[in-house]
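Below is one structure, written out as structure tokens, with a few remarks after it.
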Amino acid sequence: MTENIRHTSAMLPPPKPVWEYRTWPIVGWSASTKKVSLVLLLIFCGAEKLDLAISLAADHGFRGTSEKNNPSRAIDRLLQASWKENEITPSPPATEGEWCRRVFLDVIGRIPTTDELDAFLKDPSPGKKKHLVERLLSNDYSAAYTRNWENIWTNILIGRSGGSERNSRTNRQGMQMYLQEAFAENRPYDQMVLELISAQGTSRPPDAVKEASQFNGAVNFLAMKLGNDPNDADYGAQAAAKTSQIFMGLRVQCTQCHDHPFNRWKQNQFWELNAFFRQTVALRRFEGGRNIAFIELANQDFQGPTSEPGEAEIFYDKRNGVRVAAYPVFTDRGGHITKLSRSGFLEDVDRRGELAELVQRSDYLPIALVNRYWDHFFGYGFTQPFDDMGPHNVVSHPELLESLSQLFVDSQYNLKHLIRWIVLSDAYAASSRFGSDNKIDDPARENPPLFSRFYPRQMRAEQLYDSLIIATGVDKTAIGTEQQESKRNEWLRQFVIAFGTDEIDEATTFNGTIPQVLTLFNGDLVRQATMATEGTFLQKVSNNSNIQTREKLNRLFRAALARNATAEERRWANKAFSKSADITTALQDVWWVLLNTNEFILNH
């Protein structure tokens, strides 16, 4: 019966590979005819091809019955409404190579290899973008995914130089170990926040059984943010400020001394938040000298400066000189207030543990995270900066932010789900080039972002290093894993000095300063990467006698820029080839130029 339907139905085209059904001439068909045809297609595809059939249906405008099941469509709908309101037309889609390079960089922190790129470009299936994203979020790329997000969150939580300071209380490796485990198992984000704020234990990775039972890498978030004496006036000020900024999206540092000039946060609210950290101490541990070996983060009774633990207040000075007492009070979004017991006895109340649960349940939490991740994938958040939210800072797309945040909560704070929704949206797939009618969408000129195009931005230091390694194949030469990691860390330390400060701010453009140019053009990594030594990508391409010079040139371009050389670039290269003594030297010069172009350095 199905054969008769397959060959005789007026609704269906002749049999052919299932992916080719994407080209059905269904424009002009009645809605009922389209629906019946696509239902039959679902039947023919079978359960094992269900994702493909759904992708085909989506290609023909059937987005499913609920945006909740496909949040990428909700993103597109709300952005399209914004574009219509602002009377602009979005840029056309990016090329497949551009999108592939972009998603590799953003999800796993490096560009694709030529094999990965070519496999994607040659894939004829209409659902190949979804399939690639699923692979990047699966066990196939688990190590790269985990490493990328561990790097990102280590820098967020303790800074790029955290743990490298002399006599530091922070153990960078310990912080990384906690994050590696969390991202490897896709731990719910709200659980991670709970663990980071409430953590107790030792900071250093264990080298003995006793230490193993006490080690908790999460303590490194607060290890350097407390101080020495809980009765000091500014004890825990950085802990309060960073907890608010990172997890709640509120920059409240200036309210230590006065009410926020624009935000609704007041000075008393800062010190009420600070009071949650007064039972926490970072105990320094030494081993045969004066240098700190590690710290132990622990909770203890807090008696306050008046030595009355039953009423363990802290004091702060207002600008008029009046000294005021503060107790632990949590102010959530919408002004909702939770007051804790004033007691400093742990048996009465664990202040920091309570704070961790309050932040975990806070309405600020999902909105702050969604805004941060949107900034990561688009280069700009819904507010500028993304971690300074509040009534003083206008949200560019409030309905989209609220909707995506609620979907994130409904997903049980699943970070991979959020990533999937964003990168499979049409907005993320747009070209970085201006279209014919969206010139105003230029946040670099201080215009509000409309996300009608992809905003080019400089790679992070870690992305640049790992992309150079992938593009050039130097990781496949005779270097051990431990030596590789040592070289990477050494290069990144140089990068922090040459490429700016340790501020955790937004970076949206490559500014091309002299230190940046010199670091790239003359650095050991680029020199090594452009040598045709045994095992490198350049050596394999130049020595491959089975491919023509034109294809050798294209392979260099695809490795660095995810595209083939243009006609003009081929003419330029041919001139270089004609002047060079041999093809290897000529390709080496071309390779050096490609690795030092803005097109390589930028995520675009």
Side-chain angles (χ1 to χ4, degrees), residues 169 194-203 214 216 218-219 221-245 247-248 250 252-260 264-285 295-332 335-362:
R169 299 184 185 186
L194 177 75
E195 292 167 353
L196 287 163
I197 297 176
S198 64
Q200 297 185 64
T202 56
S203 61
Q214 298 174 328
N216 182 355
V219 304
F221 166 57
L222 291 175
M224 285 281 286
K225 298 179 176 69
L226 293 168
N228 294 319
D229 185 350
N231 288 314
D232 289 345
D234 61 351
Y235 185 85
Q238 191 180 7
K242 286 300 182 182
T243 296
S244 176
Q245 180 181 350
F247 303 126
M248 298 165 64
L250 301 171
V252 297
Q253 295 94 319
C254 69
T255 58
Q256 296 178 56
C257 305
H258 54 79
D259 292 343
H260 198 294
R264 291 176 182 169
W265 265 72
K266 305 299 181 184
Q267 187 181 10
N268 67 293
Q269 291 174 290
F270 178 88
W271 291 107
E272 288 166 352
L273 179 62
N274 172 271
F276 283 94
F277 294 97
R278 295 301 176 117
Q279 289 175 323
T280 304
V281 290
L283 304 171
R284 294 170 291 175
R285 303 305 187 198
I295 65 99
E296 180 179 355
L297 200 66
N299 291 339
Q300 64 181 25
D301 293 339
F302 173 60
Q303 61 182 6
T306 59
S307 300
E308 295 181 4
E311 189 83 4
E313 71 276 85
I314 62 173
F315 292 101
Y316 66 94
D317 295 326
K318 297 183 72 69
R319 299 187 80 172
N320 60 9
V322 175
R323 177 158 290 191
V324 182
Y327 303 90
V329 177
F330 183 78
T331 303
D332 204 352
H336 302 295
I337 290 175
T338 301
K339 295 182 178 180
L340 261 60
S341 164
R342 295 185 173 187
S343 173
F345 288 115
L346 278 172
E347 64 180 16
D348 293 334
V349 60
D350 174 0
R351 292 186 177 186
R352 185 160 59 98
E354 292 288 340
L355 174 64
E357 293 183 3
L358 287 166
V359 175
Q360 183 189 33
R361 300 192 303 265
S362 171

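Between Leu355 and Phe330, the closest side-chain pair of non-hydrogen atoms falls below 4.5 Å. Side-chain contact between Arg285 and Ile295 is absent, with no heavy atoms from C-beta onward closer than 4.5 Å. With a 4.5 Å cut-off on side-chain heavy atoms, Ser244 and Val252 count as touching. Within the 4.5 Å cutoff, side-chain heavy atoms of Leu226 are placed close to those of Leu297. Proximity of Tyr327 to Glu311: side-chain heavy atoms (C-beta onward) are separated by under 4.5 Å at one or more points. You'll find the side chain of Trp271 stays beyond 4.5 Å of the side chain of Val324, heavy atoms only. Put simply, the side chain of Val281 reaches to within 4.5 Å of the side chain of Tyr235, judged on heavy atoms. Ile314 is listed as a side-chain neighbour of Arg278, based on a closest heavy-atom distance under 4.5 Å.
Distance check: Thr338 OG1 to Leu358 CG gives 5.0 Å after rounding to the nearest 0.5 Å. Thr243 OG1 to Gln238 CD: the interatomic distance, rounded to the nearest 0.5 Å, is 10.0 Å. One finds the NZ atom of Lys318 at 9.5 Å from the NZ atom of Lys266 (value rounded to the nearest 0.5 Å). To the nearest 0.5 Å, atoms CD (Glu357) and CG (Asp350) are separated by 8.5 Å. Here the straight-line distance linking atom CD of Glu354 with atom CD of Gln279 works out to 10.0 Å at 0.5 Å rounding. Separation of atoms NE2 (His336) and OG (Ser362) is listed at 10.0 Å; rounding is to 0.5 Å.
By the 30° and 60° cut-offs, the orientation of the rings of Phe221 relative to Phe247 is perpendicular.
With no hydrogens or angles considered, a side-chain donor-acceptor pair links Arg352 and Thr280 at under 3.5 Å.
In this structure, Asn320 contributes its side chain and Val322 its backbone to a donor-acceptor pair below 3.5 Å. No donor-acceptor pair under 3.5 Å is formed between the side chain of Asn274 and the backbone N or O of Ala240. In terms of modelled atom types and a separation under 3.5 Å, the side chain of Asp301 and the main chain of Phe345 share no donor-acceptor contact.
Nearest heavy-atom pair across Ala356 and Ser198 is CB-CB, 3.7 Å. Residue Pro328 comes nearest to Ala275 through the heavy atom pair N-CB, 3.6 Å, listed as atom of the first residue, atom of the second, then distance. Closest of all the heavy-atom pairs between Ala239 and Leu222 is CB-CD2, 3.8 Å. Across Thr331 and Gln269, no two heavy atoms sit closer than the pair CG2-NE2, 3.1 Å. In plain terms, the two heavy atoms of Ser343 and Asp348 that are nearest each other are OG-OD2, 2.7 Å. Residues Ala312 and Arg351 approach most closely at O-NH2, 2.9 Å, considering heavy atoms.
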(request) May I have the step-by-step check of side chain to side chain contact (heavy atoms under 4.5 Å, CB included) for Val359 and Ile197, ending in yes or no? (result) CA-CA 9 Å; Val359 175; Ile197 297 176; 3.9 Å; yes

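Residues Phe302 and Phe277 place their aromatic rings such that the two centres sit no closer than 6.0 Å.
Ion pair Arg342/Glu313 not flagged as a salt bridge, since none of the NZ, NE, NH1 or NH2 atoms sits closer than 4.0 Å to an Asp/Glu carboxylate oxygen.
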